[in-house]
Every structure is written in structure tokens, then in C-alpha cells.
Undergrad: 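This is the structure I have questions about; it appears just below.
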Amino acid sequence: MEINEKLLKPYNAKDTEDRIYKLWEESGFFNPDVCVEKGIIDKDAKPFTIIMPPTNANGSLHAGHGLVMTIEDIIIRYKRMRGYKTLWLPGLDHAGFETQIVYEKKLEKEGRSRFGMDKRELYQEILDFTLNNSKNIKDQIKKIGASCDWTREKFTLDPDIVQTVYKTFKKLYTDDLVYRGERIVSWCSKHQTSFSDLEILDEERIDNFYYLKYGPFIIATSRPETKFGDKYIVMHPDDTRYSTYTHGQTIDLEWINGPITATVIKDELVDMKFGTGVMTITPWHDATDFEIAEKHKLDKEQIIDEMGKLLPIAGEFAGIHINKARPLIIEKLKNKNLVEKIEENYKHTVRTCYKCNTIIEPQIKNQWFVKMKPLAEKVLEKINNEEITYIPEHYKKITINWLNDIKDWNISRQIVWGISIPAKICKNCAHGMADVDNTITTCSKCGSEVKQDNDTFDTWFSSGQWPFASLGYPDNIDFKNFYPTSVMETAGEIIFFWVSRMIMLGLYITDKLPFKTVYLHGLVLDAKGLKMSKSKGNVIDPLVLTEKYGTDAFRMGMVVGNTPGTSLSLSEDKIRAYRNFANKVWNITRFVLDNTKDIKHDDNFTNYSQLEKEKLIPEIDNLIREITKEMDEYKFYLVAEKIYHYVWDRFADVIIEESKVIFEGTNEQEKESRKQFLLGTLAKIIKILHPFTPFVTEEIWSMLGNNKKLLMVEKWPFDKTQGKPNDN
RNA sequence: GAGCGACUAGCUCAUUUGGUAGAGCGACUCUUUGACGUAGAGUAGGUGACAGGUUCGAUUCCUGUGUCGCUCACCA
């Protein structure tokens, strides 16, 4: 046949990709049901499912997404070609707090503020804003070539998802695994919400360390502004320096705003070696102090309000922000001769908001907490039973450590953008009751009037349910077919935030692990190995690269040499090298088609020469067998490189060069053998490359003739003599 | 303080049941009507962090040391 004239020019990704994606999309083959209907895939075929980590509906594609989409698409395309009923379910995330921050900035620009706005109005505004922007990210996902089933696309705020989340909340409540309680929470005074422990950063700071005279004691503190209400003096029971004092003893002393009565408390939590070995406590604003106060049933008093300002207990300092108050308080203490000494350059860690770096002010709040220990124990059992595979393996240890020492999870957020918590709070005793059906009118404890809980769930509480929620647990037929899912592929960074919680909640609700394998990739760094950030100006936009070098080149660059769990330095040079590779494949096709115009490939051809029969065919078939095994082991970085080398170093540089000599010769049998080999092998190459470089291979496939089906649903090439590779 | 990981060619990284180390990029030399110059043929470059141990043999397994990174942690 005549060769396609497109082949006479270098491969043009720009003119190819959108057209090919449209072909795929219109074929319907992203949807496993269509594949079965059209007889592409056997109706009894095993299912293979990946739930895409829901992307921020309001965001745009960054390099990390590029990696997610590439790896998952490689897995999915491979499995589809292997004949699985393959589902890749795409999702969008409302990304609660993240999106609210973005929207708040927008409001700020417009001279508005979320505080004081009607909650429903604000929610509606953010919803419109998010949905308007969501097309953007979807188009970008398509640009990467993602063969996900858009007919099953889910959004984390879809009504059925919300219902699932409500059901889970109710079950947790009924099973006594969620409770509302006064606990110390991490509070950001700028964002006016609490956080879970995972959302807090530790930051090293250098401050003054103040030694203050507290009656007969010297106490050390870096935060004098919290000390107004301190009326307990705590020491270790074994500390001989303070053995003359007894637990419960009271001492009258002069403090910041006048005389007070302090009570001695003895507790092992005090570190004898630290400071002076004696401390006062501020239970409302410190976790350890809270613990001590709880243990001994001590009074707790709020000193700092939600905005970071001092309350009336601070007397003359009331209403002043803590940052401004500190030097003033020290001044006063000095005047009262209550400062023993000030140590400068005191290095300590403070906890800050991961978003705005504001110092976190612990506060006692009445919020919803999930009891994590019972959930974690069940998961630990499964992990120890090897029922879940971690790639790379060391994430298993990390997970086990975390689960062994897990803390209760605060799921209440004081923001509007999210799923509201279906619960009633007693106006009198603050008792919380799950109320999914909105029927509760009086407190089950004291019978008083109740009010609606105004908080929303932590985004991760709902996304932690994503595998079963997105598949429609438990009624949707998809849930039965595609759950548990096969692989969860996501960033190692969110192993605790997301992966571990999905496992816990999935197991709790469905009694099954939500996935069999966890595949975690590392960060995508810039060419110098630095984390990308807007402030550094080193952010690489994947779409700029795909535009410049083609999506296939970008995908190869993301995957070659990128072992799971390891960060990847993304350099433009590397992408360019794979652009050249795509072109190489293109030109190989041109050579092969140009030199085989007079024949048709015959799959059953047997009259091969010795070289083809004994060396060349076994060589490519061995390669296919090897890489098939490695694909099943998720070693894409190896497979991509192996195919690359076969194509370039063997097929192009040796076999094609040899062929030129053969074609100039006179041995007709040898020529025919070689032509059949070239055509047959080219087809195999195109197939095994397809998961990695789907666009250029699909385009070439359409030129190979006699191919009615799209390459994306062709069968993965097996060596017939070797039988099927390991099936898993 | 604890856990985890890394340490291999100038740079980025591979190398799994242990058998004399590989690739890409970069560098240098040569090739220019050849399927492809988005190319081809070559060259240089590594006592595999260090020290011990197991072994016929260790980059690979074990122990220790160092450096770097990440994560976790209530040090007032």
C-alpha cells in the first residue's frame, strides 16, 4: 500500500492529539460497559478499577497531576489491552478549605469579606465559581490523554455522595465512634477555623525565654501573654527540689494583675530536666496543660479569643492582640519585679497554619471527633495479614507506625464551603446528636432546645470515603462490579491525609479494603531538584511542555527512570529527548511501510529465514514477556526504558540497517522474511508503546492498514509459544 | 527525641533470589544529498559515602559511622 503522506514530514503532535482524543472519546471505549457491549471485552472478564484522586475542581493542572494522569493512564491502557473490564473513574473535588481560601482572596480584591456574609449566599457563590472553573481542569486532564470514563464522573458535592457521607457519619455516631466533645483543637485566628493535626506545620523560631517569679517558684515561658489565668503550679512528684510542697496545697502570691491563690499539682507529665522543673498551666491554650487539667479536674479558662485578642481576664490588656501585648506585659512584670531573667535566642518550635503561617492558637472547642483507634486496629490486622500491597514497600512501615499511634480526628471545620454536618447541638448542655433526617428537636440528654450545627466536614472526611462513595455504595451496580478497586495511585505526600483514612473508612463501611494495591509516587521537582512554588518562580506547567513537545514526549519524560516514591526532577531536556523518540518511531514506520509496499502482513507467515526465526523474533518476544511481567509489577520506569532501547538501539540502529543490505540483495525469500518480520514487529512495538505514548501510536496504527479497531482496544501482544504471562 | 529514606559517571537516576556497574542529559571527536540531523558512528568519565562482617565472590545481605532529606512528637 501507498504510505501516508503525513509520514513524509516529522511527527506533528499538535495536529494529532486533539483529533485522536476525540476518536477515543467518541468510540465510547473509555467506558467498560461499552467495551463489553461491542464485544471488545468479554462480559465475564475480570474487572480492573482505578478511582482517580479527585482533582480540585477549581484548580488547574500542575506537574503533579501530570504524573498522576500519566501513570494511571498507563496502567489503565495496559489493563484494557490485556482484556480486563477496565474502569478509571474521574472525579472532581470541592476541596473545601483550599477553595474557600481562593474565594476569600477574590472577595478581598472586590473589597468584600466572608465574615458577615450570609452563609447560604456565600456557599452558592463558591459553588457557581467552582463549577464554572471545572471545565478547565477536565480539558487539561484530557490533554494528557487520560482514558477515563467521563460518563461516570463524580463531584464530591453530588447529592448521592453527600448522602453516603451522611450515612457514614450516622453509622459512626450509632457505633459510638464519633463524638462531640470539648477538646483542645488547633485554631487559626486568621482563617477562623480549626484544623486536624495533619494540617499544622512545625516551624522553628527564635524567641525570648522568660523566667518569671511565681511566688516561691521560678517558671519559664516563651508565652507570658497566656499566663493571666494560671493558678495551678505543677511539678513532678519525684522532684526532690520541690518535695516540701504537697499536691493540693495552696499558696498565695502576687501575679500579673494582683494577688492570686495558686494550687500545687504533682504530675509525671512534667519534665524535671526542663527549665526549672516547675510550671504553671494554661489548659485552654495548650495541649499538655489541657491533659493535666482533665486528669486532675482543674478549672479551665479562656484567655485569648478567636481573633487572637486578650479577654477581660487580662485586665488592662483586654482587647489587645497577643503579639502587641507581649512586650507590654513583660514591661509590667519587670516593674513589679516579677522577671527573674530573660534568655535570648531561645530556639523552639511553634505550630503554624499550613496556609498562612499564622501561629496556631490552641483553643478548647466543642467539635466532632472520630475515634480512630478502633478503626486503625482493624486496618492493622489487614496490613499485617499482607492483604494490601504498598509500592514502594516502606510506606507500609510508615503507615503502621502512624496507625499505632493514631489520635482522634477532628472533623469539624468552621467554613461554609463543604458538606454541612448533619447534627443538632443542645443549646443548654452542648450535647451533639447526629441528625441525618432532620427530625431531632430536643436534646436527648437534658431535653432542652437544640440548634443546627453550623460547621462543615473536613474535606478529607468525605474524600476518605471516595472509593465506595464514587462507585455508589451499596446500591449502584458499579459498586458490586468494580469494588473493591484494584489500585490506588496517588502522591506519597498524602499517605496519612487520604490513603490511610480511605482504608480505615472503606473497611469500616464496606467490610472490605477499598483497594488491593497502593502505588505512591513522589513529588515532581524542577530540573534542579527544588520543590516548585509560585514564589520561587520555578513552576513548570505541564501544558506548556505538551504544547511544545507533544503529550507523548511529556508522558515518557514523566515515567522513564521515575521509581515509585522517589521525587522526580523534571527537565525540559528530558522531554525533548522523548519528543525525538516519538519522531524516531514515526520515521521507523516510514521506513518499514516504504519498504514493504508490495506485501501484506500475514500473522500466520511461517517461511521465515533462520535469523528471524531463531534470533530476531525470539528477541522481541522475550522482551514482550519481560515487560509484561514488569507491567504487572508496576515497574513502568523499567518498561519504558526497555522499549525505548529496543526500538532505538536494536530495531532502528541494527535491524533496519541490516534490512537495507537485504533489500539491495537478490535473495527473494530472505527479503520476504524480513518484510514480514518488520511489519509484524512494528505492530508489536506500536502496541507495547501505546500505554506510554498513546497518541503517536494510535496515529501510526491507523496507517498500518487492515486495522479496523482502535489501537486502544487492541489486544496486548503475547508470544504465542510462551502462553499467557502471569495473570494477576 | 523517634521513625523512614537516600548516598552509584559533571547532572538526574537505573541495576531483586549476591557473580567483574548501565541509561538519559551534558561534554568531546568524526559523519552531512542515506527512514530520521528531532540523525548516525565513536570517546572520555565511577576503588558504587566510609569502616567492619557473612561469602569462593557484596553496589546488592548484616552491623556500625558520617552526611543529606522527609515524616512524626506535649518540651512549658
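Proteins come first, then strands; the chains are lettered A, B, ... in the order of their sequence lines, and each starts at number 1. Quick note: numbers below take in every heavy atom, side chains included, and nothing from hydrogens, waters or symmetry partners.
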Undergrad: Could you grab the distance from atom CZ of Phe195(A) to atom CG of Asp458(A), nearest 0.5 Å is fine?
TA: 10.0 Å
Undergrad: What class does the angle between the rings of Phe209(A) and Tyr346(A) fall in, given that below 30° is parallel, 30 to 60° is tilted and above 60° is perpendicular?
TA: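 Parallel: the ring planes of Phe209(A) and Tyr346(A) meet at under 30°.
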Undergrad: In terms of ring plane angle, is the pair Tyr519(A) and Tyr634(A) parallel, tilted or perpendicular, where the classes change at 30° and 60°?
TA: tilted
Undergrad: Taking all atoms of both residues into account, what is the closest heavy-atom pair of Ile364(A) and Pro283(A), and its distance?
TA: CD1-O, 3.8 Å
Undergrad: When all nucleic acid strands are considered with a 4.0 Å heavy-atom cut-off, which category describes Tyr395(A): base, sugar-phosphate, or nothing?
TA: nothing
Undergrad: Going 5' to 3' along nucleotides 71-76 of chain B, which nucleotides have protein heavy atoms under 4.0 Å from the base (write B), which only from the sugar-phosphate (write S), and which from neither (write -)?
TA: S-BBBB
Undergrad: With sugar-phosphate meaning primed atoms plus P, OP1 and OP2, does Lys347(A) contact a base, only sugar-phosphate, or nothing at under 4.0 Å between heavy atoms?
TA: nothing
Undergrad: For every nucleotide of nucleotides 39-44 of chain B, 5' to 3': is a protein heavy atom under 4.0 Å from its base (B), only from its sugar-phosphate (S), or from neither (-)?
TA: SSS---
Undergrad: Near Lys373(A) NZ, under 6.0 Å, is it more than 12 heavy atoms from other residues, nucleotides or ligands?
TA: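 Yes, because the 6.0 Å sphere around NZ of Lys373(A) holds more than 12 heavy atoms from other groups.
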Undergrad: For Ser196(A) and Glu199(A), does a side-chain donor sit closer than 3.5 Å to a side-chain acceptor?
TA: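 A donor-acceptor contact under 3.5 Å links the two side chains.
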Undergrad: Just say parallel, tilted or perpendicular for the rings of Tyr644(A) and Trp648(A), cut-offs at 30° and 60°.
TA: tilted
Undergrad: Given that both pair distances must be under 3.5 Å and the pair must be Watson-Crick or G-U, what runs of three or more consecutive pairs involve RNA chain B?
TA: B:1-7 with B:66-72, B:10-13 with B:22-25, B:27-31 with B:39-43, B:49-53 with B:61-65
Undergrad: So what does Leu638(A) hit on the nucleic acid, given a heavy-atom distance under 4.0 Å: a base, only sugar-phosphate, or nothing?
TA: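 Leu638(A): backbone/sugar contact only, no base atoms under 4.0 Å.
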Undergrad: Asn401(A) near the nucleic acid: base, sugar-phosphate alone, or nothing, with a heavy-atom cut-off under 4.0 Å?
TA: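 The answer is sugar-phosphate, as Asn401(A) gets under 4.0 Å only of primed atoms, P, OP1 or OP2.
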Undergrad: Using a 4.0 Å heavy-atom cut-off, does Arg590(A) contact any base of the nucleic acid, only the sugar-phosphate backbone, or nothing at all?
TA: sugar-phosphate
Undergrad: For Ala582(A), which contact category applies under a 4.0 Å heavy-atom criterion: base, sugar-phosphate, or nothing?
TA: nothing
Undergrad: With sequence neighbours left out, what residues match Tyr210(A) under ring-ring contact (aromatic ring centres under 6.0 Å, His included)?
TA: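 Residues passing ring-ring contact (aromatic ring centres under 6.0 Å, His included) with Tyr210(A): none at all.
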Undergrad: Polar atoms only, N or O, under 3.5 Å: list the protein pairs with nucleotides 6-13 of chain B and their distances.
TA:
from   : atom 1 : to        : atom 2 : distance (Å)
C13(B) : O2'    : Gly561(A) : O      : 3.1

Undergrad: Any chance the rings of Tyr578(A) and Phe692(A) have centres within less than 6.0 Å?
TA: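 No, too far apart.
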Undergrad: Going by atom types alone, do Gln676(A) and His601(A) pair a side-chain donor with an acceptor below 3.5 Å?
TA: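 Yes, His601(A) and Gln676(A) have a side-chain donor paired with an acceptor closer than 3.5 Å.
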Undergrad: Check whether any side-chain N or O of Lys397(A) sits under 4.0 Å from OP1 or OP2 of G5(B), and answer yes or no.
TA: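 Checking Lys397(A) against G5(B): at least one side-chain N or O falls below 4.0 Å of OP1 or OP2.
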Undergrad: Search all heavy atoms of Thr221(A) against all heavy atoms of Arg223(A) and return the closest pair with its distance.
TA: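 Closest pair (atom of Thr221(A), atom of Arg223(A), distance): OG1-N, 2.9 Å.
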Undergrad: Going through the distances and angles, do Asp207(A) and His348(A) end up as a side chain to side chain donor-acceptor pair (under 3.5 Å)?
TA: CA-CA 8 Å; Asp207(A) 283 312; His348(A) 66 144; 2.8 Å; yes
Undergrad: Which residues pass the side chain to side chain donor-acceptor pair (under 3.5 Å) test with Gln367(A), sequence neighbours left out?
TA: Ser194(A), Asn410(A)
